[in-house]
Amino acid sequence: MMFSHLEPYAGDPILSLNEAFQADPRPDKVNLSIGIYFDDAGRIPVLDCVRDAEAQMLVANAPKPYLPMEGSAAMRAEVQKLLFGADSAALRDGRIATLQTVGSSGGLKVGADFLKRWLPGSGVWVSDPSWDNHRAMFEGAGVAVHPYPYYDAATGGLRFDAMCETLRSLPPKSVVLLHACCHNPTGVDLSREQWQALVAIVRERELLPYLDIAYQGYGDGITEDAYAIRLFADAGQSFFVANSFSKSMSVYGERAGALSVVCASAAEADLVLGQMKATVRRNYSSPAIHAAGIVGRVLGDPALRQAWEADVAAMRERILAMRQRLHAVLGQRLPGRDFGYFLTQRGMFSYTGLSPAQVDRLRDEFGVYLVRSGRMCVAGLNSGNVERTAEAMAAVLA
Ligand code: KET
């Protein structure tokens, strides 16, 4: 009996729920649980630009060696331009160390292991609430995790003053995890003025920002959503960025992501890249070659790039249309209640304010799946299910 002492795994609040959805036999079920973009037919799209990149790879019939620990050089260079802008001073100065990682989750974990080893006294502060896996991954790396105030349930907005007050009280070199755009789970983002105020606090308190950008292009646009990244870089700040292509290229299972560290000098960036490579070697040795081929081509080939930007805009606009439809139906059914948050929140998610009991009722009675926190993936709505989903929500809210 080697393993009888194990505690049973309670499951992951998002991934286990998605498994429960798949197992639900009801034909009219609606998946608003996991952060995946579904098209208007309810399918995960294969973008034309991704298919064309894969077709090019098939024709080239190139061998599949191990990539270096830090991943594909061509992909890393494209990621840097995408995040920081081709004319970034930090990029020109060679101050950015970028690695291709196994999804952005792989990047977050490699970054967490690196911090545990090289800034062992630093804790990490995450927004209240945040993506649950942030806490799990940093704690798994042995880093202490603390919350900072963020979402204001009373107004559906941001507790920005309280957030700043907490950040001002942190010891130097504390790590502050920030969602660069499309906050998960709330959909509530900082304004540009608030980002600027944050940069000043980070500088004054010598904090280390760790930006997570998993939904680039789903907020206001591909470049617009990189605002915070470019602001920190232009301010001469040292910081981390983990970025994902899972959602923006609809390549979830390819595990396409990267981790970048902006440093004070090119020499420091070399040191960081070296130790990051060592961290990767100890975790998974090297990232996936197919993911590098897709991302490198889609970003680097002008025609594919143009097609991708149009695809991202179409996904963003379809989500917006679903937000408006949901808002309209709920406003009709429950007049006098304020559903304005569906329109102001950004990205894939809305924090609905539904209680766990209401979420359970939606699932059991109507086959509509939300995360129990009340988080809804708006990208699971489509013209065939949005009306009845809104009616179901109205029923449990009444
Ligand atoms: N960061 C955030 C903020 C995020 O929401 C996700 C995924 C990731 C990182 C991971 O991305 P990837 O590059 O695929 O490793 N979030 C969705 C899926 C999940 O929980 O894994 C979600 O919140 O539903």
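Numbering of ligands and ligand atoms starts at 1, following listing order.
Judged by distance alone, the side chains of Glu54 and His290 do bring a donor and an acceptor atom under 3.5 Å apart.
Pairs passing the ring pair (Phe, Tyr, Trp, His ring centres under 6.0 Å) check and including a residue from residues 29-78, sequence neighbours excluded, do not occur.
Protein neighbours of ligand 1 below 4.0 Å, counting non-hydrogen atoms: Ile14, Ile34, Gly35, Gly103, Ser104, Ser105, Trp131, Asn184, Asp212, Ala214, Tyr215, Ser244, Ser246, Lys247, Arg255, Arg375.
The side-chain contact (heavy atoms from CB on, under 4.5 Å) search around Glu387 returns Arg325, Val329, not counting sequence neighbours.
Of all heavy-atom pairs spanning Ser248 and Met315, the tightest one is O-CE, 3.7 Å.
A cation-pi geometry, defined here as NZ or CZ lying under 6.0 Å from the six-membered ring centre and within 45° of its normal, does not hold between Lys247 and Tyr252.
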Solution key, residues 221-229 side-chain donor-acceptor pairs under 3.5 Å, sequence neighbours excluded:
{"from": "Asp225", "atom 1": "OD1", "to": "Asp220", "atom 2": "N", "distance (Å)": "2.8"}
{"from": "Asp225", "atom 1": "OD2", "to": "Gly217", "atom 2": "N", "distance (Å)": "2.8"}
{"from": "Asp225", "atom 1": "OD2", "to": "Tyr218", "atom 2": "N", "distance (Å)": "3.4"}
{"from": "Asp225", "atom 1": "OD2", "to": "Gly219", "atom 2": "N", "distance (Å)": "2.9"}
{"from": "Tyr227", "atom 1": "OH", "to": "Gln196", "atom 2": "NE2", "distance (Å)": "2.7"}

